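Below is one structure; the comments refer to it alone.
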Amino acid sequence: MNINTNNRINRRRRHNRQQQRRSSFLSSFVLERHYFAIQITLLLVIIFCVLAWFWIHIASGLNRGDSLDWSDPSLSVEIVDTDTDEDHPSTFATKAAGLEKDIASRSIIHHESNQPDLRIDSVVAFLMNLAKLPPQQLWETFGMDKNDGSNDVKSYGKDPFSLQELEQGKCPSGLSTAEWLPPRPWNSEELSTMFQSGVEKLKTGRGAGNEESVLIWYEHISKAGGTTFCGLAKTNLGRRLVPRYFCMPKRVGSTDLDGRVGSWTNEELIGYTKREGHLLVANEWDPFNHDKLQLSGRTLDGKKLPLDPQHTSPQLLFVTTLRDPLDRLLSAYLFFGAGESPSHFGVWIRRNIGRIRRYKIGQKGAFRSNIARYNVIVWRYSGGNLEHRVSKPSGQQHETLFPLPMTDENLWKDPFEAAIRALSQQDLILPMDIMSKEEGVEAMRRLLGWNNVAIQKGKGKGDRESGHIVTTGKIRNSNAREYLSDEEYQFLWSANWLDNILVLWCRAVFLARLHCNDV
């Protein structure tokens with residue numbers, strides 16, 4: 001029994017040892033596989049982190065490059081030598097911020113780029129520096145003491161806009177790099193061609209209607225040649241293609257002949273054009289609505305804006321006429337206020353400015369009060385954002401004095417910049433005094449295809465052959481330099497300093513584009 005018992009015990013021990021060896025082997029095998037899985041997982045995590053790091057840096061690099069597709073030919077960069085006076089190619093020059101100076105001064109971005117055009121920034125800075133000059137210094141900068149009517153040739157003082165040469169039909173050297181010269185609106189020539197082609201089709205009966213049309217948006221600043229321009233439009237386009245009441249369209253459902261198109265939405269204007277088939281509308285009483293630039297694929301900073309595929313018609317050609325600010329202000333007074341009592345020029349200005357608080361865009365209340373504003377061009381083209389505040393003289397009988405201007409830079413700086421940018425997007429800014437002369441006729445022929453300067457029978461009085469008419473009464477001498485004393489003239493000139501800068505700048509731009517190639 002003892003031997004058998006010992007044998008059983010020994011067999012059981014051998015069996016247990018075998019079981020322990022098998023268990024140990026399995027445990028070791030499982031543990032090794034576990035460690036292997038952990039190693040594979042760690043390796044995958046490391047690979048993922050490396051890939052993520054590369055992806056983040058690539059993405060940030062694209063962001064620093066503005067996500068541009070540099071293979072796109074419309075974004076090609078051309079290097080030009082700006083050390084010569086040769087004309088630039090038909091592209092927009094731009095100084096790219098952050099690049100080296102020797103590259104920045106030679107970089108040009110094609111006009112179809114959707115990037116801001118930095119040349120407009122240069123124009124804003126140039127005009128802003130002029131606007132910040134003290135009144136007397138600005139007066140001297142433009143040589144106003146010498147422009148008292150005693151000289152046949154007008155003086156422009158230090159002539160910051162090279163007007164002395166431009167007025168003589170000369171193209172100043174270095175004009176293509178002048179800081180004050182803005183680029184043309186990117187699609188101005190294209191819209192001009194489309195407009196003239198559309199007019200020809202309608203006149204010859206080959207046009208089925210006003211689809212895919214180009215419409216003239218005329219910004220009519222009161223007493224700055226608007227009636228004359230409207231008469232020229234009716235002569236050259238024909239009366240059926242122009243709104244009947246001084247080129248101002250009538251709103252659907254309204255009995256008013258003037259529908260106040262400046263207050264319309266883009267959708268309203270699109271509907272009107274398709275319904276009436278007109279090729280021109282005029283906005284006289286309300287500020288310029290910057291939203292209208294969208295219909296032509298433009299923005300205030302010069303970007304190309306994609307057109308809404310649902311609303312590709314009409315696209316707008318923007319035209320306006322500007323007049324010497326003091327002559328315009330005096331003309332408004334002689335036309336609207338000379339019969340009032342008391343009839344003093346300064347009192348008339350003050351009373352109208354006092355009524356401005358009742359004015360609202362698109363409504364009749366006090367809508368004519370804005371014609372007496374100081375710096376009305378800035379108000380118009382800033383979208384109506386220039387404050388109408390005036391300072392009151394203290395301790396004086398100010399009832400017969402001209403109101404003091406608002407000179408707080410915090411109030412005029414932003415509207416002034418907005419006005420500069422909006423004017424830079426206008427296709428044609430005609431100086432009123434040469435609108436019906438050779439230069440004005442040539443500019444209208446190029447952009448609009450108009451050849452006839454005589455005004456046909458219709459509303460308005462004046463010299464129809466020369467193209468100078470008014471709505472009623474007679475043409476008056478509105479020469480502010482002759483009408484006002486020297487002290488009054490200089491005071492009002494300084495009060496309207498922003499408009500004076502804009503008018504001289506726009507005149508220079510007009511003449512440069514007329515006389516010089518590729519600007």
Side-chain angles (χ1 to χ4, degrees), residues 111 117 120 123 182-196 198-199 213-221 224-226 229-230 232-233 236-237 242-243 247-249 261-266 268-270 272-273 278-305 307 311-323 376-384 418-432 435 440 443-450 502-503 505-507 509-510 513-514:
H111 71 269
D117 194 312
I120 298 179
V123 172
R184 292 178 186 266
W186 71 269
N187 56 353
S188 186
E189 292 184 5
E190 176 186 352
L191 295 185
S192 170
T193 301
M194 290 173 61
F195 175 78
Q196 295 185 45
V199 172
S213 65
V214 176
L215 177 74
I216 297 174
W217 178 280
Y218 177 66
E219 194 69 17
H220 179 174
I221 297 175
F229 185 85
C230 181
L232 292 173
N236 288 276
L237 296 177
V242 179
C247 297
M248 295 183 283
V261 69
S263 66
W264 291 11
T265 64
N266 288 353
E268 284 182 282
L269 184 60
I270 291 168
Y272 173 87
T273 306
H278 289 155
L279 294 182
L280 181 145
V281 294
N283 171 43
E284 182 170 8
W285 302 114
D286 293 315
F288 177 69
N289 188 337
H290 296 163
D291 286 348
K292 295 297 171 286
L293 294 174
Q294 297 175 9
L295 292 176
S296 293
R298 301 177 189 173
T299 61
L300 290 179
D301 59 6
K303 288 183 182 178
K304 176 183 176 182
L305 187 68
L307 296 176
H311 296 147
T312 58
S313 178
Q315 297 183 68
L316 305 182
L317 274 174
F318 298 100
V319 180
T320 192
T321 47
L322 297 184
R323 185 178 188 179
V376 69
I377 300 172
V378 175
W379 173 76
R380 284 291 285 260
Y381 279 97
S382 69
I420 295 169
R421 293 183 179 278
L423 286 165
S424 295
Q425 297 303 319
Q426 305 299 296
D427 296 278
L428 179 59
I429 301 176
L430 282 162
M432 177 185 153
M435 176 171 56
M444 287 186 284
R445 184 196 65 77
R446 291 182 187 180
L447 184 75
L448 308 175
W450 294 2
L502 291 182
V503 166
W505 167 60
C506 289
R507 187 182 189 90
V509 173
F510 168 84
R513 291 176 178 173
L514 187 68

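Here the structure is a predicted model, which is why all the values come from computation and not from measurement.
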task = Please lay out, stage by stage, how Thr193 and Glu189 fare under the test side chain to side chain donor-acceptor pair (under 3.5 Å).
result = CA-CA 6 Å; Thr193 301; Glu189 292 184 5; over 6 Å; no

task = Before giving the answer on side chain to side chain contact (heavy atoms under 4.5 Å, CB included), spell out for Asp117 and Ser424 the whole-Å C-alpha distance, their side-chain angles and the decisive distance to 0.1 Å.
result = CA-CA 11 Å; Asp117 194 312; Ser424 295; over 6 Å; no

query = Do the side chains of Asp286 and Arg380 get nearer than 4.5 Å, heavy atoms only?
reply = no

inquiry  = Test your reading of the model: is there a side-chain donor-acceptor pair from Gln426 to the backbone of Leu423, 3.5 Å cut-off?
reply    = no

ask   = Is Thr321 reaching over with its side chain to a backbone N or O of Ala224, donor-acceptor style, under 3.5 angstrom?
value = yes

query = Do side-chain atoms of Asn289 reach the backbone of Ser263 as a donor and acceptor pair under 3.5 angstrom?
reply = no

inquiry  = Main chain of Leu269, side chain of Thr273: is a donor-acceptor contact present, judged purely on distance under 3.5 Å?
reply    = yes

request  = May I ask you to decide if Gly302's main-chain N or O and Arg421's side chain share a donor-acceptor pair within less than 3.5 Å?
outcome  = no

inquiry  = Aromatic contact between Tyr218 and Phe318, with the criterion being ring centroids under 6.0 Å apart: yes or no?
reply    = no

inquiry  = Whether the side chain of Gln196 engages the backbone of Arg446 through a donor-acceptor N/O pair (distance < 3.5 Å, no angle test) should be reported.
reply    = yes

task = In sequence, state the C-alpha distance, the side-chain angles, and the governing distance for His290 and Tyr381, and then conclude on side chain to side chain donor-acceptor pair (under 3.5 Å).
result = CA-CA 8 Å; His290 296 163; Tyr381 279 97; over 6 Å; no

task = Taking the side chain as every heavy atom from C-beta outward, state whether Leu316 and Lys292 have any atom pair closer than 4.5 Å.
result = yes

ask   = Do you know which of Arg184, Arg298, Arg513 makes salt bridge (Lys or Arg N to Asp or Glu O under 4.0 Å) with Asp427?
value = Arg298

inquiry  = Once rounded to the nearest 0.5 Å, what's the spacing between atom CG of Leu191 and atom CD of Gln315?
reply    = 5.0 Å

inquiry  = Checking the side chain of Thr320 only, and the main-chain atoms of Glu219 only, is there a donor and an acceptor separated by less than 3.5 Å?
reply    = yes

request  = May I ask you to test the Trp217-Val319 pair for a side-chain heavy-atom distance under 4.5 Å?
outcome  = no

ask   = Distance-only, no hydrogens or angles: does the Asn187 side chain make a donor-acceptor pair with backbone N or O of Ser296 under 3.5 Å?
value = yes

request  = Evaluate ring pair (Phe, Tyr, Trp, His ring centres under 6.0 Å) for Trp450 paired with Phe229, printing each intermediate quantity in order.
outcome  = CA-CA 11 Å; Trp450 294 2; Phe229 185 85; 5.3 Å; yes

